[in-house]
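Start at 1 and go down the list; that is how both ligands and their atoms are numbered.
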Amino acid sequence: MITCTQRVLMEQHIAQLKNEGKKIGFVPTMGALHDGHISLVERARRENDIVVASIYVNPLQFNNPDDLKKYPRVPEKDLQLLQDACCDLVFMPDDAIIGDSKGFNYNIGYFDTIMEGFHRPGHFKGVAFIVKTFFEIVQPNKAYFGEKDYQQLAVIKKMVKDFGLPVSIIPCPTVREPNGLAMSSRNARLTEDEKQSAAGIFEGLNYIKNNIFSQKPEVLKEWFVKNIQNHPGMQVEYIELCDSENLTPVTEVKESASVVACTAVYLRNVRLIDNLKIF
Ligand code: PAF
(Lines give C-alpha, C1' and ligand atoms only; values in the text may rest on other atoms or scores of the structure.)
Protein backbone atom coordinates (compact mmCIF):
# COMPACT_ATOMS: atom_id res chain seq x y z
CA MET A 1 0.00 0.00 0.00
CA ILE A 2 1.31 3.43 -0.94
CA THR A 3 0.63 6.43 1.30
CA CYS A 4 0.73 9.89 -0.27
CA THR A 5 0.53 13.24 1.48
CA GLN A 6 1.33 15.48 -1.53
CA ARG A 7 -1.35 16.32 -4.09
CA VAL A 8 1.14 16.38 -6.97
CA LEU A 9 2.51 12.92 -6.13
CA MET A 10 -1.01 11.59 -5.83
CA GLU A 11 -1.84 13.04 -9.27
CA GLN A 12 1.23 11.31 -10.72
CA HIS A 13 0.19 7.94 -9.28
CA ILE A 14 -3.33 8.36 -10.62
CA ALA A 15 -2.09 9.42 -14.08
CA GLN A 16 0.00 6.23 -14.27
CA LEU A 17 -2.95 4.03 -13.17
CA LYS A 18 -5.26 5.71 -15.70
CA ASN A 19 -2.65 5.16 -18.46
CA GLU A 20 -2.69 1.48 -17.59
CA GLY A 21 -6.50 1.51 -17.98
CA LYS A 22 -7.16 0.62 -14.34
CA LYS A 23 -10.64 1.03 -12.88
CA ILE A 24 -10.41 3.01 -9.62
CA GLY A 25 -12.73 2.62 -6.61
CA PHE A 26 -12.53 5.45 -4.06
CA VAL A 27 -13.46 5.54 -0.36
CA PRO A 28 -13.20 9.04 1.14
CA THR A 29 -12.97 9.07 4.96
CA MET A 30 -12.08 11.30 7.87
CA GLY A 31 -10.18 8.46 9.55
CA ALA A 32 -10.95 6.84 12.93
CA LEU A 33 -11.96 3.91 10.77
CA HIS A 34 -14.46 1.29 11.90
CA ASP A 35 -16.11 -1.76 10.32
CA GLY A 36 -18.47 0.52 8.38
CA HIS A 37 -15.53 2.11 6.52
CA ILE A 38 -13.88 -1.26 6.03
CA SER A 39 -17.07 -2.64 4.43
CA LEU A 40 -16.78 0.20 1.87
CA VAL A 41 -13.13 -0.65 1.17
CA GLU A 42 -14.00 -4.34 0.80
CA ARG A 43 -16.78 -3.57 -1.66
CA ALA A 44 -14.48 -1.24 -3.61
CA ARG A 45 -11.89 -4.06 -3.63
CA ARG A 46 -14.40 -6.51 -5.17
CA GLU A 47 -15.59 -4.05 -7.85
CA ASN A 48 -12.39 -2.31 -9.06
CA ASP A 49 -8.77 -2.93 -10.09
CA ILE A 50 -7.42 -0.32 -7.67
CA VAL A 51 -8.75 0.88 -4.33
CA VAL A 52 -7.91 4.41 -3.18
CA ALA A 53 -8.89 5.76 0.25
CA SER A 54 -8.44 9.24 1.67
CA ILE A 55 -8.02 10.22 5.30
CA TYR A 56 -8.62 13.88 5.96
CA VAL A 57 -10.48 15.60 8.81
CA ASN A 58 -11.98 18.42 6.75
CA PRO A 59 -12.27 21.61 8.87
CA LEU A 60 -14.68 23.14 6.32
CA GLN A 61 -17.46 20.73 7.25
CA PHE A 62 -17.33 21.32 11.02
CA ASN A 63 -19.65 24.10 12.13
CA ASN A 64 -18.70 23.41 15.76
CA PRO A 65 -14.99 24.04 16.60
CA ASP A 66 -15.20 21.77 19.66
CA ASP A 67 -16.44 18.86 17.51
CA LEU A 68 -13.48 19.41 15.16
CA LYS A 69 -11.02 19.52 18.05
CA LYS A 70 -12.41 16.35 19.62
CA TYR A 71 -12.76 14.39 16.37
CA PRO A 72 -10.79 11.18 16.95
CA ARG A 73 -7.47 10.97 15.06
CA VAL A 74 -5.63 7.63 14.92
CA PRO A 75 -3.72 7.64 11.61
CA GLU A 76 -1.40 4.72 12.36
CA LYS A 77 -4.26 2.41 13.32
CA ASP A 78 -6.20 3.59 10.24
CA LEU A 79 -3.31 2.80 7.90
CA GLN A 80 -2.98 -0.69 9.37
CA LEU A 81 -6.72 -1.33 8.89
CA LEU A 82 -6.55 -0.09 5.28
CA GLN A 83 -3.54 -2.27 4.56
CA ASP A 84 -5.34 -5.30 6.07
CA ALA A 85 -8.33 -4.55 3.83
CA CYS A 86 -6.03 -4.59 0.75
CA CYS A 87 -6.31 -0.90 -0.08
CA ASP A 88 -3.72 0.11 -2.73
CA LEU A 89 -3.26 3.84 -2.27
CA VAL A 90 -4.05 6.23 0.61
CA PHE A 91 -4.20 10.00 0.25
CA MET A 92 -3.57 11.91 3.50
CA PRO A 93 -3.31 15.57 2.53
CA ASP A 94 -2.65 18.48 4.87
CA ASP A 95 -4.76 21.64 5.06
CA ALA A 96 -3.23 23.04 1.84
CA ILE A 97 -5.89 20.89 0.12
CA ILE A 98 -8.61 23.37 1.14
CA GLY A 99 -6.53 26.40 0.09
CA ASP A 100 -8.81 27.49 -2.76
CA SER A 101 -12.15 26.70 -1.10
CA LYS A 102 -13.13 30.40 -0.93
CA GLY A 103 -13.85 30.45 -4.66
CA PHE A 104 -16.24 27.49 -4.39
CA ASN A 105 -19.72 28.96 -4.73
CA TYR A 106 -21.78 25.84 -5.25
CA ASN A 107 -25.38 26.34 -4.13
CA ILE A 108 -26.66 23.09 -2.63
CA GLY A 109 -30.26 24.30 -2.62
CA TYR A 110 -33.09 22.54 -0.77
CA PHE A 111 -30.88 19.88 0.90
CA ASP A 112 -29.02 22.69 2.66
CA THR A 113 -32.21 23.97 4.29
CA ILE A 114 -33.40 20.80 6.06
CA MET A 115 -32.16 18.47 8.84
CA GLU A 116 -28.31 18.34 8.69
CA GLY A 117 -28.21 21.35 6.34
CA PHE A 118 -30.40 23.43 8.64
CA HIS A 119 -28.68 22.44 11.90
CA ARG A 120 -25.11 22.53 10.56
CA PRO A 121 -24.78 25.72 8.46
CA GLY A 122 -21.95 25.42 5.94
CA HIS A 123 -21.49 21.69 6.57
CA PHE A 124 -22.61 20.43 3.16
CA LYS A 125 -20.74 23.15 1.29
CA GLY A 126 -17.58 21.94 3.07
CA VAL A 127 -18.38 18.32 2.21
CA ALA A 128 -19.16 19.17 -1.42
CA PHE A 129 -15.89 21.12 -1.80
CA ILE A 130 -13.66 18.38 -0.42
CA VAL A 131 -15.42 15.52 -2.20
CA LYS A 132 -15.28 17.35 -5.54
CA THR A 133 -11.59 18.15 -4.97
CA PHE A 134 -10.86 14.49 -4.17
CA PHE A 135 -12.82 13.33 -7.24
CA GLU A 136 -10.71 15.67 -9.41
CA ILE A 137 -7.48 14.26 -7.97
CA VAL A 138 -8.41 10.56 -7.69
CA GLN A 139 -10.62 10.38 -10.84
CA PRO A 140 -12.50 7.37 -9.53
CA ASN A 141 -14.83 5.27 -11.66
CA LYS A 142 -16.85 4.51 -8.54
CA ALA A 143 -16.98 6.20 -5.12
CA TYR A 144 -18.41 4.51 -2.03
CA PHE A 145 -20.43 6.23 0.71
CA GLY A 146 -22.26 4.85 3.74
CA GLU A 147 -26.04 5.23 3.94
CA LYS A 148 -25.68 6.29 7.58
CA ASP A 149 -25.02 9.78 6.17
CA TYR A 150 -28.21 9.60 4.13
CA GLN A 151 -28.52 13.32 3.43
CA GLN A 152 -24.81 13.58 2.57
CA LEU A 153 -25.36 10.88 -0.05
CA ALA A 154 -28.24 12.89 -1.53
CA VAL A 155 -26.04 16.02 -1.64
CA ILE A 156 -23.17 14.16 -3.31
CA LYS A 157 -25.43 12.54 -5.92
CA LYS A 158 -26.87 15.99 -6.71
CA MET A 159 -23.42 17.57 -6.92
CA VAL A 160 -22.17 14.85 -9.28
CA LYS A 161 -25.19 15.49 -11.51
CA ASP A 162 -24.92 19.30 -11.32
CA PHE A 163 -21.21 19.32 -12.27
CA GLY A 164 -21.50 16.35 -14.67
CA LEU A 165 -18.72 14.48 -12.85
CA PRO A 166 -17.81 11.14 -14.46
CA VAL A 167 -18.15 8.97 -11.34
CA SER A 168 -20.76 6.46 -10.14
CA ILE A 169 -21.84 6.98 -6.54
CA ILE A 170 -22.33 3.66 -4.73
CA PRO A 171 -24.47 3.81 -1.56
CA CYS A 172 -23.55 1.12 0.97
CA PRO A 173 -25.65 -0.17 3.91
CA THR A 174 -25.09 1.16 7.42
CA VAL A 175 -23.04 -1.21 9.57
CA ARG A 176 -24.31 -1.57 13.15
CA GLU A 177 -23.02 -2.74 16.51
CA PRO A 178 -24.73 -5.92 17.83
CA ASN A 179 -27.06 -3.67 19.90
CA GLY A 180 -28.15 -1.74 16.76
CA LEU A 181 -26.07 1.43 17.29
CA ALA A 182 -24.90 2.69 13.88
CA MET A 183 -21.11 2.55 13.63
CA SER A 184 -19.58 6.02 13.68
CA SER A 185 -16.16 7.47 14.44
CA ARG A 186 -17.87 9.60 17.09
CA ASN A 187 -18.89 6.44 19.04
CA ALA A 188 -15.27 6.38 20.27
CA ARG A 189 -16.26 9.33 22.50
CA LEU A 190 -19.00 7.31 24.28
CA THR A 191 -18.64 5.16 27.41
CA GLU A 192 -19.93 1.57 27.30
CA ASP A 193 -23.07 2.64 29.23
CA GLU A 194 -23.66 5.49 26.80
CA LYS A 195 -23.33 3.09 23.85
CA GLN A 196 -26.13 1.05 25.42
CA SER A 197 -28.32 4.16 25.76
CA ALA A 198 -27.46 5.21 22.19
CA ALA A 199 -28.87 1.89 20.95
CA GLY A 200 -32.24 3.48 21.81
CA ILE A 201 -31.93 5.53 18.60
CA PHE A 202 -32.19 2.43 16.40
CA GLU A 203 -34.93 0.98 18.62
CA GLY A 204 -36.90 4.23 18.20
CA LEU A 205 -36.45 4.18 14.41
CA ASN A 206 -37.67 0.59 14.37
CA TYR A 207 -40.71 1.57 16.44
CA ILE A 208 -41.56 4.13 13.75
CA LYS A 209 -41.09 1.53 11.03
CA ASN A 210 -43.27 -1.05 12.80
CA ASN A 211 -46.11 1.41 13.45
CA ILE A 212 -46.02 3.47 10.27
CA PHE A 213 -49.45 2.33 9.02
CA SER A 214 -51.22 2.45 12.37
CA GLN A 215 -50.11 5.89 13.69
CA LYS A 216 -49.70 9.33 12.13
CA PRO A 217 -46.13 10.60 11.44
CA GLU A 218 -46.56 13.43 13.98
CA VAL A 219 -47.55 10.94 16.72
CA LEU A 220 -44.64 8.64 15.88
CA LYS A 221 -42.19 11.56 15.98
CA GLU A 222 -43.53 12.68 19.36
CA TRP A 223 -43.19 9.12 20.68
CA PHE A 224 -39.58 9.00 19.41
CA VAL A 225 -38.58 12.25 21.14
CA LYS A 226 -40.21 11.24 24.43
CA ASN A 227 -38.69 7.79 24.38
CA ILE A 228 -35.14 8.98 23.55
CA GLN A 229 -35.28 11.77 26.12
CA ASN A 230 -36.13 9.23 28.83
CA HIS A 231 -32.46 8.22 28.59
CA PRO A 232 -30.27 10.46 30.79
CA GLY A 233 -28.19 12.95 28.79
CA MET A 234 -29.98 12.34 25.48
CA GLN A 235 -31.62 15.12 23.48
CA VAL A 236 -33.26 14.84 20.05
CA GLU A 237 -32.20 17.60 17.65
CA TYR A 238 -34.59 16.46 14.90
CA ILE A 239 -36.57 13.45 13.80
CA GLU A 240 -38.09 13.61 10.31
CA LEU A 241 -40.01 11.29 8.04
CA CYS A 242 -39.04 12.11 4.46
CA ASP A 243 -39.49 10.94 0.91
CA SER A 244 -36.39 8.78 0.43
CA GLU A 245 -35.57 10.31 -2.98
CA ASN A 246 -36.09 14.05 -2.63
CA LEU A 247 -36.15 14.29 1.21
CA THR A 248 -39.35 16.33 1.33
CA PRO A 249 -41.22 15.85 4.64
CA VAL A 250 -43.91 13.19 4.73
CA THR A 251 -46.94 14.21 6.75
CA GLU A 252 -49.24 11.52 5.43
CA VAL A 253 -47.96 8.05 4.55
CA LYS A 254 -48.86 6.66 1.12
CA GLU A 255 -47.59 3.25 0.08
CA SER A 256 -46.69 4.63 -3.37
CA ALA A 257 -43.67 6.69 -2.19
CA SER A 258 -40.77 5.27 -0.22
CA VAL A 259 -40.06 6.84 3.19
CA VAL A 260 -36.92 7.22 5.32
CA ALA A 261 -36.82 8.31 8.98
CA CYS A 262 -33.78 10.50 9.75
CA THR A 263 -32.62 11.73 13.13
CA ALA A 264 -29.85 13.55 14.98
CA VAL A 265 -29.52 12.98 18.72
CA TYR A 266 -27.12 14.48 21.24
CA LEU A 267 -25.73 12.21 23.91
CA ARG A 268 -24.03 14.68 26.25
CA ASN A 269 -22.07 16.75 23.69
CA VAL A 270 -21.65 13.89 21.18
CA ARG A 271 -23.88 14.30 18.14
CA LEU A 272 -25.10 11.05 16.60
CA ILE A 273 -27.08 10.67 13.37
CA ASP A 274 -28.96 7.66 12.06
CA ASN A 275 -31.75 6.78 9.66
CA LEU A 276 -33.91 3.85 8.65
CA LYS A 277 -35.76 3.14 5.40
CA ILE A 278 -39.33 2.63 6.50
CA PHE A 279 -40.55 1.08 3.22
O1 PAF B 1 -18.53 11.00 5.42
C2 PAF B 1 -17.41 11.46 5.71
O3 PAF B 1 -16.61 10.84 6.41
C4 PAF B 1 -17.01 12.83 5.18
O5 PAF B 1 -18.10 13.68 5.14
C6 PAF B 1 -16.31 12.75 3.81
C7 PAF B 1 -17.24 12.20 2.74
C8 PAF B 1 -15.06 11.89 3.91
C9 PAF B 1 -15.89 14.16 3.37
O10 PAF B 1 -15.00 14.73 4.27
* Considering residues, nucleotides and ligands other than Glu76, do more than 12 of their heavy atoms fall under 6.0 Å from its CD? -> no
* Asked: Can you list the steps and then say if Lys142 with Glu47 is a salt bridge (Lys or Arg N to Asp or Glu O under 4.0 Å)?
  -> CA-CA 9 Å; Lys142 295 181 179 176; Glu47 297 182 356; 3.6 Å; yes
* **Counterpart residues, ring pair (Phe, Tyr, Trp, His ring centres under 6.0 Å), relative to Tyr56 (two or more places apart)** => none
* Got a second to check how far Glu116's CD is from Gln152's CD, nearest 0.5 Å? -> 9.5 Å
Identify the protein atoms, limited to N or O, that lie within less than 3.5 Å of an N or O atom of ligand 1, and list each pair with its distance to 0.1 Å.
unit_1, atom_1, unit_2, atom_2, d
ligand 1, 1 (O), Gln152, NE2, 2.9
ligand 1, 5 (O), Gln61, NE2, 2.9
ligand 1, 5 (O), Gln152, OE1, 2.7
ligand 1, 10 (O), Gln61, OE1, 2.6

* Relative to each other, are the rings of Tyr106 and Phe163 parallel, tilted or perpendicular (30° and 60° limits)? -> tilted
* Asked: Do you know which two heavy atoms are closest between Gln83 and Met1, and how far apart they sit?
  -> N-SD, 3.5 Å
